[in-house]
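The shown structure was predicted, so the numbers you read here are calculated from the model rather than taken from an experiment. Lettering follows sequence order; numbering is per chain, from 1. All values below were derived from every heavy atom in this structure, side-chain atoms included, with hydrogens, water molecules and symmetry-related copies excluded.
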Amino acid sequence: MAGDAPSSTEYITHHLQNLTFGLHPDNGWSFAHGAEEAREMGFWAINVDTMGWSIATGLLFLWLFRYLAKTVTTGVPTGLQNALEMVFEFSNDIIRTSFNGKSKLIGPLALTLFCWIFFMNSLKWLPIDLFPQIAHKLGIEYMRIVPTSDPNATLGMGFGVFLLIIFYSIRNKGFGGFSKELAFNPFNHWSLVPFNLVLELIVLIVKPISLGLRLFGNMFAGEVIFIMISLLPFWAIWVLDVPWAIFHILVIALQAFIFAVLSVVYMSAAFEEH
Amino acid sequence: MNINMTLIGQMIAFAIFVWFCMKYVWPPITQALTERQQRIQEGLEEADRARAELHKANEQAEETLRESREEAARILDKTRVRANQMIEEARTDARAEGERMIANARSEIDSEIQQAKGELRAQVAALAIQGAERILESSIDEKKHREMVDRLAEEL
């Protein structure tokens, strides 16, 4: 716990506050001191910890697979190459089973989403107090290291996928074809066009939101429970912490997998002709 | 935990990562894995082919072995027959030769007997005449009794 023993509520809210940098109406460009100030900054602020950790894990992913791309041989793979190839084959399998179109983007998309989200989620295995403590020593007030427990990050990826869906739908079906699909589904009658349109637009916009909120919800809930567990006396922590961390092996991999698979499935719909 | 610029930042990071992956990561790996797949496939096919060839070669070797064994048996049979034949021939030849030699010897003996008989006869005749001369001394005319004595000797 940071500094002079704070209360449980303070401890929890402290752990759930991002390091936000933005234009405060009173303080100008600065880091927010607490949730209140962060809220006052409005939209034009940035969660530095979320961005930093997500970019770091993304770079780790790219560095690993760039290494694989450079060292990959047609011969017998060994060691790290073997493990990375397994992940590669895994994401390749996702595409093979869920994607019916033909696209150069879909493979890298699935691989990036799966590995990146997996790495971001994995940060949760690090002790909950470790990085906030280090940050505190360095004079940084807030530090949340799991980017996927920040809805900005998960919704950001969700809307990234959403833009790809829109882009490829229009590219593959034409603007007219895409509009027609929205207007004449599921009821193929002119009088029901407005109803169809409302329904389909909701279906469309729900895709990225559900992607983002599902991941956020799982990770946030997990994080809150980790924080609660760490409020216990030190000798009792591991009794609950260890099982919960082991359970999270499943959650972390599963949520990364679900995000990747659903993105591929949504993309597949963008490539399909009705 | 409010929605802010981080959302946009994350979208940009997402786009850059996917782009990088698509440009520099995915293609070389896919290519290498496809090539490896091809190599493995070729290797397996080659192994199958080699196995089939080995099988064929084994069969051929067995066939050859069987044939040569048969050939050897046939040659052995033939040789045995030929050997028997040769022994038989040799035996027949030897018997014939022996008989011929015996016949020769016999005829030689015969002629020698005849010769000896003739000589003996002549000697007996001469002895008889000598003896008779001694006994009879001059009373016997050689010319006169020669014929008689010769006839006598002939009868011996």
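With contacts defined as side-chain heavy-atom distances shorter than 4.5 Å, the pair Ile8(B)/Phe43(A) qualifies. Contact check for Phe88(A) versus Thr30(B): side-chain heavy atoms found under the 4.5 Å cut-off. Proximity of Tyr24(B) to Phe65(A): side-chain heavy atoms (C-beta onward) are nowhere separated by under 4.5 Å.
Residue contact with chain B, scored on non-hydrogen atoms closer than 4.5 Å, involves the backbone and the side chain of Val161(A) alike. Only the side chain of Phe61(A) has a heavy atom closer than 4.5 Å to any heavy atom of chain B. If you measure heavy-atom distances from Thr154(A) to chain B, you find no contacts under 4.5 Å at all. When heavy atoms are compared at a cutoff of 4.5 Å, Ala35(A) does not approach chain B at all. Of the two parts of Ile16(B), neither the backbone nor the side chain holds a non-hydrogen atom closer than 4.5 Å to a non-hydrogen atom of chain A. Both the backbone and the side chain of Leu59(A) come within contact range of chain B, each with at least one heavy atom under 4.5 Å from a heavy atom of that chain.
In plain terms, the two heavy atoms of Asn4(B) and Asn47(A) that are nearest each other are ND2-OD1, 3.2 Å. Nearest approach of Asn92(A) to Trp26(B), heavy atoms of both residues: OD1-CZ2, 3.9 Å. What you find for Asn152(A) and Ile3(B) is that their closest heavy atoms are OD1-CA, 3.2 Å. The two residues Pro28(B) and Val72(A) make their nearest non-hydrogen contact at O-CG1, 4.1 Å. Here the shortest heavy-atom pairing between Met51(A) and Ala13(B) reads CE-CB, 4.5 Å.
By the 6.0 Å contact criterion, CD on Glu89(A) is enclosed, its count of non-hydrogen atoms from other residues, nucleotides or ligands being greater than 12. Heavy atoms from other residues, nucleotides or ligands lying under 6.0 Å from CZ of Arg134(B) number 12 at most. Heavy atoms of other residues, nucleotides or ligands lying less than 6.0 angstrom from CD of Glu62(B) number 12 at most.
For Arg66(A) (side chain) and Val25(B) (main-chain N/O), no donor-acceptor pair under 3.5 Å exists by modelled atom type.
Put simply, of Ser91(A), Gly107(A), Gly158(A), Gly58(A), the one with the most heavy-atom pairs under 4.5 Å next to chain B is Gly107(A). Top candidate by heavy-atom pairs under 4.5 Å with chain A, chosen from Arg39(B), Glu35(B), Gln31(B), is Arg39(B).
From Thr71(A), atom OG1 reaches atom CD1 of Ile29(B) across 8.5 Å, with rounding to the nearest 0.5 Å. To the nearest 0.5 Å, the span separating CZ on Phe21(A) from CE on Met5(B) amounts to 11.5 Å. Separation of atoms SG (Cys21(B)) and CG (Leu62(A)) is listed at 6.5 Å; rounding is to 0.5 Å. Taking CG of Leu7(B) as the reference point, atom CE of Met157(A) lies at 10.5 Å (rounded to 0.5 Å).
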Exercise. Where do Phe14(B) and Trp116(A) land on the side-chain contact (heavy atoms from CB on, under 4.5 Å) test, with the steps shown first?
Worked result: CA-CA 9 Å; Phe14(B) 169 69; Trp116(A) 190 23; 3.7 Å; yes
For this session: Would you please test Trp19(B) and Thr112(A) for side-chain contact (heavy atoms from CB on, under 4.5 Å) and show each step?
Result: CA-CA 10 Å; Trp19(B) 170 81; Thr112(A) 307; over 6 Å; no
For this session: Begin from the C-alpha positions of Glu85(A) and Arg36(B) and carry the test side-chain contact (heavy atoms from CB on, under 4.5 Å) through to its verdict.
Result: CA-CA 12 Å; Glu85(A) 271 182 26; Arg36(B) 186 188 301 156; 2.6 Å; yes
Exercise. Could you walk me through whether Met22(B) and Leu109(A) pass the side-chain contact (heavy atoms from CB on, under 4.5 Å) check?
Worked result: CA-CA 8 Å; Met22(B) 187 168 79; Leu109(A) 179 72; over 6 Å; no
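Qualifying side chain to side chain donor-acceptor pair (under 3.5 Å) partners for Arg69(B), counting only residues two or more places apart in sequence or in other chains: none.
Thr50(A) and Gln10(B) share no donor-acceptor pair across their side chains, judged by distance under 3.5 Å alone.
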